Amino acid sequence: MCGRYSLVTTDVAVQIQLGNMQLELPSIARYNIAPTQFAPVVTNTQPGLFQHFTWGLVPFWSKDGKNTGKMINARAEGIESKPSFRQPIRTKRCLVLADSFYEWRKTGTQKQPYRILLQNGTWLVFAGIWEEWRGGEQPMRSFSIITTTPNREMATLHDRMPVLLLDAATQQQWLSENSLPSILALLKPPPDDVLTYYPVNPLMNKATFDAPSIHTPFSVEF
DNA sequence: CCAGACGTTGTT
DNA sequence: GTCTGG
DNA sequence: CCAGACGTTGTT
DNA sequence: GTCTGG
């Protein structure tokens, strides 16, 4: 699955190609984005800019509007019929930008985190859905990252992984008004051999720890 | 009809 | 809001 | 996702 | 064990 990720856009070009659009990158250096925190997304309804939404989808019918972090992920299988997701998958899709995400392997009592990124070093774009809750003073907007079965290299770490939109054409399709079947057809694992990963320091297990050193390879003790 | 859930991952 | 279970 | 709390009365 | 907070 995907329960933490990173997005570091400082020291890179300020423009990024997403779908058929050239967007200005938000300037952020987040090495440890955790559930309930704000992160940049590009929505189908306003595809010209990045907006900061809270991670963990809050359905529009929620009573208290609290982000409990329960819906940080949405399983691709059956997403079109889940009460919380059936509207968003049809009308509220978004792109979630990242440079890497994290998965954990349990070694005895230790939880060893790994950083996963593309072999070609380009941005990761997760398939996301978003929602708007209007029960309070201000509308509250949130998002969820869709998961699917793992490709070959991810299978060694976990049995789920985020859906990746690997090229501009796919990203464009995700944001466009396509039929439900053609949208669902995009929710599949990536090809094998496009990702790579390495262990990182377990200090990052704590969600409040956010530092560049998280991206430094970590020697796993045996 | 009303009440209560609505989610994922992982573990047993 | 909408579906399921009783 | 992981880490940390999980309780009350009374006192500062 | 389970919930909350980040």
Side-chain angles (χ1 to χ4, degrees), chain A residues 1-7 28-40 52-92 96 98-117 124 126-136 139-150 154-164 180 187 189 197-211 213-215 218 220:
Chain A
M1 70 164 312
C2 181
R4 300 279 183 90
Y5 67 97
S6 67
L7 178 59
I28 70 170
R30 295 294 315 282
Y31 297 85
N32 199 0
I33 298 172
T36 72
Q37 297 178 348
F38 283 86
H52 284 79
F53 288 8
T54 182
W55 183 17
L57 189 138
V58 178
F60 69 96
W61 43 259
S62 168
K63 286 202 175 75
D64 57 11
K66 270 182 68 178
N67 182 352
T68 61
K70 279 180 181 173
M71 300 190 220
I72 61 174
N73 296 132
R75 292 179 69 96
E77 303 91 333
I79 191 172
E80 70 281 357
S81 55
K82 300 283 177 66
S84 298
F85 305 141
R86 50 171 297 128
Q87 293 306 325
I89 191 62
R90 286 169 174 80
T91 62
K92 291 186 174 68
V96 183
D99 60 57
S100 68
F101 63 100
Y102 304 99
E103 299 285 4
W104 280 259
R105 192 139 68 180
K106 288 196 180 69
T107 57
T109 66
Q110 301 289 344
K111 290 176 180 173
Q112 175 59 53
Y114 291 80
R115 181 184 183 215
I116 299 107
L117 62 165
L124 290 166
F126 304 137
I129 50 179
W130 61 279
E131 188 51 280
E132 184 173 73
W133 185 77
R134 293 174 163 281
M140 199 271 283
R141 297 178 183 87
S142 58
F143 71 95
S144 186
I145 295 168
I146 301 176
T147 64
T148 184
T149 52
M154 285 304 298
T156 65
L157 287 180
H158 260 280
D159 59 355
R160 303 296 295 174
M161 70 175 293
V163 172
L164 305 180
L180 183 62
L187 302 179
Y197 63 85
Y198 61 89
V200 295
N201 197 316
L203 281 174
M204 67 85 56
N205 292 3
K206 191 187 278 281
T208 51
F209 184 80
D210 190 340
S213 60
I214 292 174
H215 283 183
F218 179 79
V220 181

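Atom set for the values below is all heavy atoms of this structure, side chains included, hydrogens, waters and symmetry mates excluded. Per chain, numbering begins at 1; letters A, B, ... match sequence-line order. Not measured: the values here are computed from a predicted model.
Within the shown strands, D:dG4 is the pairing partner of E:dC3 under the Watson-Crick or G-U definition, both distances less than 3.5 Å.
Closest to the side chain of A:Lys66, from the set C:dG1, E:dG5, B:dG10, is E:dG5. The side chain of A:Ala207 lies closest to E:dG6, out of E:dG6, B:dT9, C:dG1. Proximity note for A:His158 (side chain, C-beta onward) versus B:dG7, E:dG6, B:dT9: the nearest is B:dT9. Listed nucleotides D:dC2, B:dG7, E:dG6 differ in distance to A:Ala34; the shortest reach to its side chain belongs to E:dG6. Of the candidate nucleotides C:dC3, D:dA3, D:dC1, D:dC1 has the atom nearest to the side chain of A:Arg4. Listed nucleotides E:dG6, C:dG1, B:dT8 differ in distance to A:Arg75; the shortest reach to its side chain belongs to B:dT8. In the set B:dG10, C:dG1, E:dG6, the nucleotide with an atom closest to the side chain of A:Asp159 is B:dG10. When each of B:dG7, C:dC3, D:dA3 is scored by its nearest atom to the side-chain atoms of A:Arg86, the top-ranked nucleotide is C:dC3. Side-chain proximity of A:Pro35 to D:dC1, C:dC3, B:dT11: nearest is D:dC1.
Backbone-only contact: A:Phe85 has heavy atoms under 4.0 Å from sugar-phosphate atoms and none from a base. Using a 4.0 Å heavy-atom distance criterion, A:Lys206 is classed as a sugar-phosphate-only contact.
You won't find any donor-acceptor pair under 3.5 Å spanning the side chain of A:Thr208 and the base of E:dG6, going by distance alone.
Taking every heavy atom of both residues into account, A:Gly128 and A:Val96 meet most closely at CA-CG2, 4.3 Å.
Classification of A:Asp99 and A:Arg115 as a salt-bridged pair holds, one side-chain N sitting under 4.0 Å from a carboxylate O.
B:dG4 and D:dA5 have their P atoms separated by 33 Å, with the value rounded to a whole Å. Separation of the P atoms belonging to E:dT2 and D:dG7 is 15 Å when rounded to the nearest angstrom. D:dC2 and B:dT11 are spaced 9 Å apart, taking the P atom of each and rounding to whole Å. Comparing the C1' positions of B:dT9 and C:dC3 gives a spacing of 24 Å, expressed to the nearest Å. Distance check on atom P: D:dA3 versus B:dC6 gives 27 Å, rounded to whole Å.
Between the side-chain ring of A:Tyr102 and the base of D:dC1, no stacking contact exists by the 5.5 Å and 30° definition.
Using a 4.5 Å heavy-atom cutoff, the side chains of A:Met71 and A:Ser142 are not in contact. Side-chain contact between A:Lys92 and A:Ile129 is absent, with no heavy atoms from C-beta onward closer than 4.5 Å.
When each of A:Phe101, A:Tyr197, A:Phe218, A:Tyr198 is checked for a ring pair (Phe, Tyr, Trp, His ring centres under 6.0 Å) with A:Tyr114, only A:Tyr197 meets the rule.
Contact between the side-chain N/O atoms of A:Thr147 and the OP1/OP2 oxygens of B:dT9 is found at a separation under 4.0 Å.
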